[in-house]
Amino acid sequence: MVNPLRSAPDSRLQRIAGPCGIVLFGITGDLSRRKILPALYDLANRGLLPPSFTIIGVARKVDPSLPEKVEAAIREGANTPVTETTLKQLMSGLVVVNGQYNDVETYRSLGHTMDKMSAERGTNGNYAFYLAIPPELFPTVLGGIGTAGLCAEDDGWRRVVVEKPFGHDLESARELDDMVTKVFHQDAIFRIDHYLGKETVQNLMALRFANELYEPLWNSAHVDHVQITMAEDIGIGTRAGYYDGIGAARDVIQNHLLQLLALTAMEEPISFEPSALRIEKEKVLEATRFYGPVGESAVAGQYTSGWQGGEWVKGYKEEPGIPADSITDTYAALRLGIETRRWKGVPFYLRAGKRLGKRVTEIAVIFKRSAHVPFGNSDLSESGQNALVIRVQPDEGLTLKLGAKVPGTSMQVRDVTMDFAYGHAFTEDSPEAYERLILDALVGSAPLFPHQREVEASWKILDPILSFWETQGQPEPYAPG
Ligand code: BG6
């Protein structure tokens, strides 16, 4: 008998990108320096990029020292040890095209360079355009690529990787999508949400669908509520230009946290095919509701100056580049519900903020108390509810909190934890999220990239809250830490 599973690709195998290159708009920017360039090096170092891999950087200013800066970014940010031969090999495929983003000449010269590199290095005309640029430049750059015909797949594939924010509300997200789909077809668009590249986030699917233990409990009969938290101890640093007017809800709840909610609450997909996974995430996001009123079910906060970890830190409004009357939320928390049989009546609390006590991202599934215990209430005073805490970062892993008997002659129950830590259980190191996602884009594998419909469903949840906040004046101040 034919086993239908045999026809599915073996997901244990390492995928290796075929001949190709990346066209990096914003090569001199912060994201390229901190994440993209080191991730490309790590991929090369793991042998997952072809030796002929090409990086075409597009930069507005001529900077003869750019190759040194790229090298320095790699040395500083690489996750794997820097090997001189790999670095040299990667750097041999780096070329820079200079020009203004609104100048047709820039795209003409980019087209020539792409052809030239194809001929010289054998990229076979396969290129991914990576837009690591501020969103206001998207229309110009997409227009330039489209007008110059660089998206045409006459010889080789062409894809585009778009960084968030995917708009700033539902309407602008639709406008952005119209713009991108005028130039690239749907399957060629890769919207990066780097949380989906994190190992623990993918482990959430393994946990839920490779084990028998949790699924029977994963519903409103047993789950009391779910808390999804993304706390950061840092402030906004030098990102005033990006962050002000965006705030915590748009910056991370619309994408990272709602994606975590979708993966936690979705039904089992019929396969790991992009369409199958996206259908389930989309269904759950479509069923997610904010019931309001905003004043009771959502909170916006803004950090003030104060002591944090032995250091005096500036308040948000004193950060360089932030207007003194800014009403941007640096903390946001919401209570959501999901209108499905599985989740009816279970609150999902989402919260995210800067300048909080410590950096931690986790999903805590809190179970209901036992309907009956035969020991009498006083014996349970030191035990709480069972909880499964999925630690996304740092210290990736999970913790199960349960009640256990305290040794001794009396029957006393106290909370204990069972721990699984990635660092202890596996010797393999986790690739950085960007590494995984860039490789996926280069091999054309889309399961971990949100679809436009998910983006729109997320904005539908947030829009009423955001417009309420925008008319309500100041968010509540909170002290750092
Ligand atoms: C980004 C946000 O998407 O995620 C930043 O724009 C945030 O504001 C960052 O600091 C956090 O990422 P990570 O991987 O460090 O949790």
Side-chain angles (χ1 to χ4, degrees), residues 26 29-36 38-39 42 76-77 79 130-136 138 161-168 173 190-204 228-261 263 300-303 308 313 316 319 321-322 326 328-333 350-363 390-397 422 429-438 448-450 454-455 458 462 480:
D30 188 57
L31 183 67
S32 294
R33 183 177 55 78
R34 285 188 308 112
K35 299 285 185 186
I36 303 170
D42 287 326
E76 196 185 324
N79 235 352
Y130 199 127
L131 307 190
I133 47 176
E136 58 274 17
F138 285 180
V161 181
V162 190
E163 274 286 341
K164 73 175 185 66
F166 313 120
H168 54 89
F190 290 74
R191 297 172 191 81
I192 274 213
D193 182 320
H194 80 281
Y195 263 62
L196 297 183
K198 289 186 190 270
E199 200 69 50
T200 340
V201 173
Q202 293 163 52
N203 186 39
L204 179 56
I228 303 180
T229 308
M230 175 180 173
E232 293 182 281
D233 50 358
I234 52 170
I236 56 140
T238 53
R239 297 169 77 219
Y242 161 78
Y243 200 86
D244 197 56
I246 296 237
R250 285 192 175 94
D251 182 34
V252 297
I253 295 187
Q254 186 273 336
N255 36 74
H256 307 330
L257 268 63
L258 280 170
Q259 285 289 322
L260 293 183
L261 173 141
L263 292 171
Q302 193 183 67
Y303 63 83
Q308 188 183 25
V313 296
Y316 178 71
E319 299 274 16
I322 301 295
S326 171
T328 297
D329 48 307
T330 60
Y331 175 90
L350 268 51
R351 55 187 171 185
K354 305 262 184 211
R355 285 262 179 256
L356 300 179
K358 59 179 179 180
R359 175 174 182 252
V360 56
T361 301
E362 62 181 33
I363 304 164
I390 300 152
R391 297 190 305 272
V392 175
Q393 63 188 21
D395 187 21
E396 292 88 341
Y422 260 85
D429 60 337
S430 304
E432 229 274 320
Y434 270 89
E435 233 186 280
R436 161 87 207 228
L437 295 173
I438 291 173
L448 297 178
F449 294 82
E454 295 169 56
V455 172
S458 303
L462 282 189

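Computed over heavy atoms, backbone and side chain alike; hydrogens, waters and symmetry mates excluded. All ligand and atom numbering here is 1-based and tracks the order in the structure.
Atom numbering of ligand 1 starts at 1 in the shown order; those under 4.0 Å from a heavy atom of R359 are 13 (P), 15 (O), 16 (O). Remark: ligand 1 atoms within the under-4.0 Å shell around heavy atoms of K354 are 5 (C), 7 (C), 8 (O), 10 (O). Counting the atoms of ligand 1 from 1 in the order shown, those under 4.0 Å from a heavy atom of H256 are 1 (C), 3 (O), 4 (O). Against a heavy-atom cut-off of under 4.0 Å, K198 is close to the following atoms of ligand 1: 13 (P), 14 (O), 16 (O).
Residue K164 places at least one N or O, backbone or side chain, under 3.5 Å from an N or O of ligand 1. Checked against a 3.5 angstrom limit, the closest N/O atoms of R239 and ligand 1 fall inside it.
Side-chain contact of D42 with Y434: a donor-acceptor pair under 3.5 Å is absent, judged by distance alone.
Classification of E199 and R436 as a salt-bridged pair fails, no side-chain N sitting under 4.0 Å from a carboxylate O. Between K354 and E232 there is a salt bridge, since a side-chain N of the basic residue sits under 4.0 Å from a carboxylate O of the acidic one.
For atom 4 (O) of ligand 1, the closest non-hydrogen atom of the protein is H194 CE1, 3.4 Å.
Geometrically, K164 does not engage F166 in a cation-pi contact, judged by NZ or CZ lying under 6.0 Å from the ring centre and within 45° of the ring axis.
Residue-level proximity to ligand 1 for Y243 is absent, since no heavy atom of it falls below 4.0 angstrom.
With R250, E232, Q393 as candidates, the residue nearest to atom 7 (C) of ligand 1 on a non-hydrogen basis is E232.
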Practice prompt. Quick one: do Y316 and Q302 satisfy side-chain contact (heavy atoms from CB on, under 4.5 Å)? Show the steps, please.
Written response: CA-CA 7 Å; Y316 178 71; Q302 193 183 67; 3.4 Å; yes
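D251 counts as a contact of ligand 1, since one of its heavy atoms falls under 4.0 Å from the ligand.
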